[in-house]
Amino acid sequence: MRTTNSGEELRQPPDSPPIPKREVQTGKLGLSTPLREIQWLPPQRVRQLERFGLGTVQELLAHFPRRYEDRNQFQRFPTHEEEKPVCVCGVVIKTAVKRLPGWKKLFEVHLHEENANALSPTLVCRWFNAHYVEKMIATGQRLVVYAKPKLRAGKLVVDHPEFEVVENDEEISIHLKRIAPVHPATEGVSPRVLRGIIYRVLEQLDDASVANRLPTGLDDFPPAQALRQIHFPTDFEQLERARRHLVMHEFFAMQLFVAAKRAEVAEGPGEAHCGSGALMKRFQEGLAFPLTNAQIRSIEEIRADLASSRPMNRMLHGDVGSGKTVVALSSMLLAVEAGFQAAIMAPTQVLAEQHYLNFKRWLQPLGIEVALRTASRKEDSGIGNEPLFELGNTRPGQRVVSSGAPQVIVGTHALLYEGGFDFTNLGLVVIDEQHKFGVLQRARLIGQAKAPDVLVMTATPIPRTLTMTVFGDLEVSTLDEMPANRGKIITALRDDSKLPDAVKFIREQLDAGRQAYIVYPLIEESEKLEAKAATHEFEKWRELLAPMKCELLHGRIPPEQKETIMERFRKGEAKALIATTVIEVGIDVPNANLMLIENAERFGLAQLHQLRGRIGRGKHKSYCILLSAAKNLDAIEKLKILEQTSNGFEIAEADLRLRGPGDILGTAQSGLPPLKLGNLIADAEWMRLARDAARKLFAKDPHLERPENQRFRELLVESRKMILSQVG
Ligand code: ADP
Ligand code: MG
């Protein structure tokens, strides 16, 4: 039995012991049976599987196929290039080894359809420098090949195809004349070997050991049947039903974990942190604008949480510029009025500094003391012993934090972890602009003895699919309305050859007194290269925009220096800010109405939208110019979405569809393990069903104490173990 996917597994000597005949298989296997107890599995195989994380029958059967080949009916040989891979079965009529300049060797295999005639097409399979393949393939053999054919010098060729040698051994019925699963392979264990092992394990599987752990009605397909059909489907309809069952199982396990967390938080030792609202009202009356309905609604939602003795665990999300800060501040003032400290944590030093400046400006007139706490700076607004805001409406028994201890603290995220600040009486923590705060980190924060209420604000709108899953333990407030006074942003996508026109346009705007951001993609290879690229960009733009004053901002500039640079830009002393994406979040300079983004194709949609949110904040019409070198139609289509809409929710959905959740969140950031089978986008509706079922379960039985719920408790224990082991 020899086979390969990419050849990886062939480093294993091809004479590994064959799977012995059926007689050896005795007894039934349970899900929890360790593979090493299976007699017909040679110890060496078991070790290989264990190294791959497959130590029990359950783990082996949860190693799902990554695709299927319909080997009932192979496709005809291709006669032209194909967009998608084809799966064909053919006979080797010729093999050849060619020496190439530069390449050491090329191995070619000519494949014909079985029972071919002279006019039948030939498919040429090619491998470069793959000695192991040479040893595997010989004239006369039958091969199953899976690859995307392309036309080269008048011939249809496939390079480094996935293939299997069809051998007429006793196992042939496992591999042919069926929908054959192709499992993810590992070193030493090819898809064909895995298929054989899984087939035999399923033959011996005791269906009674596969417990049904879904609530009735969620998906009633028999679970053991689902395991059989996902690996060896009788037809595609059965496969789809099996997949639904297993995806539901995966989703439900995840939602059980999330719902348990949520139930735990709800029972935590919380206390109310809410004043009457008089202080908040004074702050809001001092604003130059009316709140949007979405802001008012969100503040009310938060207020209800603050007033309840249940700890708050809420997310506020909305488009860039939708006014999250005002909502945060209003909430913080509710807590301050009730006599508690309120803290806001920014992801970076620059943003913390900016919040600090803004907060001081807003809060000092109210007599509220603000402090900045970051790794490199500690500063108090220094109201000292001046009279504080009169707290006529404070609840009895509550008093304002004594002067000296700041009531509002602005810091960086690091502070929360490193214990860099000693909160005396923390009532509310706002975590600003961050996806990175996973379920577990929040749990740690909320799990403190005297848990503060927690409000997480994210920099961008998050599609519902994701708020349901990754953030599933959070209540959600959505700012789905932009302030009315927003200047319009006109976005234009241009080929980068149009740079001179763009420069001319920018110069006109700068001459008229406006300011501009110039963004270039970050070079990440090394610090040195990055600094060099930055300097190069800076020199280029300084010349292009001379004599206007330009500033350079990138990630390697020390925080204090960054702050002075930002300050010069904010004051209008600098006209153009040449920057990497460090300007991405939070920066607010209303007079800057222009943004040019170089190599826009290198950014994700959500990120571009986020960047663009830096402009359109003042009364002038704003312009965003996306320069792109992309010739590829997909890339251009993608960027065009930004020309068409400025609705962050639409853009986030598009980004999710195009790039998947990993790119939006980063897997490590979500605090939940990646899904094995389910798809957050395509299967979103199932996720909703699973979530509702999990929540319903906990609403009725918060500790899963009822006998009929014990099976869920086991699932929860497993899912907890898996999540903790994966996200540590
Ligand atoms: P984001 O949601 O992106 O964090 P900010 O809170 O930074 O947005 O708000 C962006 C700008 O809009 C700020 O200058 C803020 O003062 C202003 N703003 C907030 N709410 C309103 C409103 N209701 N009407 C007009 N401007 C507002
Ligand atoms: Mg903000």
Side-chain angles (χ1 to χ4, degrees), residues 289-298 301 315-327 432-435 456-471 476-494 517 519 581 583-588 590 592-597 600-601 603-626 628 634-661 663-665 680-681 684:
F289 44 78
L291 297 185
T292 65
N293 288 327
Q295 283 172 318
I296 293 169
R297 191 186 60 230
S298 297
E301 286 163 357
M315 171 169 77
L316 174 69
H317 72 137
D319 218 333
V320 231
S322 58
K324 292 183 280 285
T325 318
V326 168
V327 176
D432 188 21
E433 317 274 28
Q434 192 61 298
H435 286 146
V456 180
M457 302 202 293
T458 70
T460 45
I462 298 176
R464 248 184 70 77
T465 339
L466 294 186
T467 62
M468 250 180 348
T469 51
V470 180
F471 304 96
V476 178
S477 291
T478 306
L479 290 180
D480 49 6
E481 183 187 350
M482 291 298 266
N485 64 350
R486 281 298 126 83
K488 204 173 150 42
I489 303 178
I490 294 167
T491 301
L493 174 63
R494 294 285 180 271
Y517 297 101
V519 185
T581 50
I583 61 153
E584 187 175 336
V585 278
I587 303 284
D588 190 11
N593 72 327
L594 238 164
M595 177 173 286
L596 179 134
I597 303 178
E601 73 281 1
F603 296 96
L605 275 184
Q607 199 182 10
L608 287 168
H609 177 63
Q610 180 75 26
L611 281 166
R612 181 171 63 171
R614 299 306 111 215
I615 57 173
R617 293 180 163 237
K619 53 182 186 290
H620 300 283
K621 200 187 244 180
S622 292
Y623 303 91
C624 176
I625 304 166
L626 305 172
S628 162
D634 285 349
I636 293 169
E637 279 307 306
K638 178 189 95 174
L639 290 171
K640 281 202 157 154
I641 294 175
L642 290 165
E643 277 187 327
Q644 288 148 15
T645 179
S646 56
N647 180 325
F649 284 91
E650 283 174 24
I651 289 163
E653 293 279 352
D655 212 29
L656 183 60
R657 250 183 292 115
L658 289 168
R659 305 201 304 164
D663 273 315
I664 294 185
L665 298 167
L680 278 184
I681 302 149

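Only this structure's heavy atoms are used, side chains among them; waters, hydrogens and symmetry mates stay out.
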Heavy-atom side-chain contact between Asn593 and Lys621 under 4.5 Å: no
Between Glu481 and Ala294, is there a donor-acceptor pair closer than 3.5 Å when you use the side chain of the first and the backbone of the second? yes
Please find the pair of heavy atoms, one from Leu479 and one from Lys324, that lie closest to each other, and give the distance. CD1-CG, 3.6 Å
Would you mind reporting whether Ser628 and Leu493 have side-chain heavy atoms less than 4.5 Å apart? yes
Atom CD1 in Ile651, atom OG in Ser646: separation rounded to 0.5 Å? 7.0 Å
I need the Cys624 SG to Arg612 CZ distance, nearest 0.5 Å. 6.0 Å
How close do Asp480 and Arg297 get, heavy atom to heavy atom, and via which atoms? OD1-NH2, 3.4 Å
What's the separation between atom NZ in Lys638 and atom CG in Asp655, rounded to the nearest 0.5 Å? 7.5 Å
Working to the nearest 0.5 angstrom, can you tell me the gap between Ile681 CD1 and Leu656 CG? 4.0 Å
Quick check: closest heavy atoms across Asp319 and Gly648, and the distance to 0.1 Å? OD2-N, 2.6 Å
Looking only at heavy atoms, what is the nearest atom pair of Phe649 and Gly318, with distance? CZ-CA, 4.4 Å
For Glu653, side-chain hydrogen bond (donor to acceptor under 3.5 Å, both in side chains) partners two or more places apart: none
Using 0.5 Å steps for rounding, measure from the CD1 atom of Ile489 to the CD1 atom of Ile615. 4.5 Å
Heavy atoms only: give me the nearest Ala652-Pro461 pair and the separation to one decimal. CB-O, 3.6 Å
With a 4.5 Å cut-off on side-chain heavy atoms, are Met482 and Thr292 touching? no
Should Met315 and Ile462 count as side-chain neighbours, where that means a heavy-atom distance under 4.5 Å? yes
Contacts of Glu650 that satisfy side-chain hydrogen bond (donor to acceptor under 3.5 Å, both in side chains) - sequence neighbours left out: Thr645
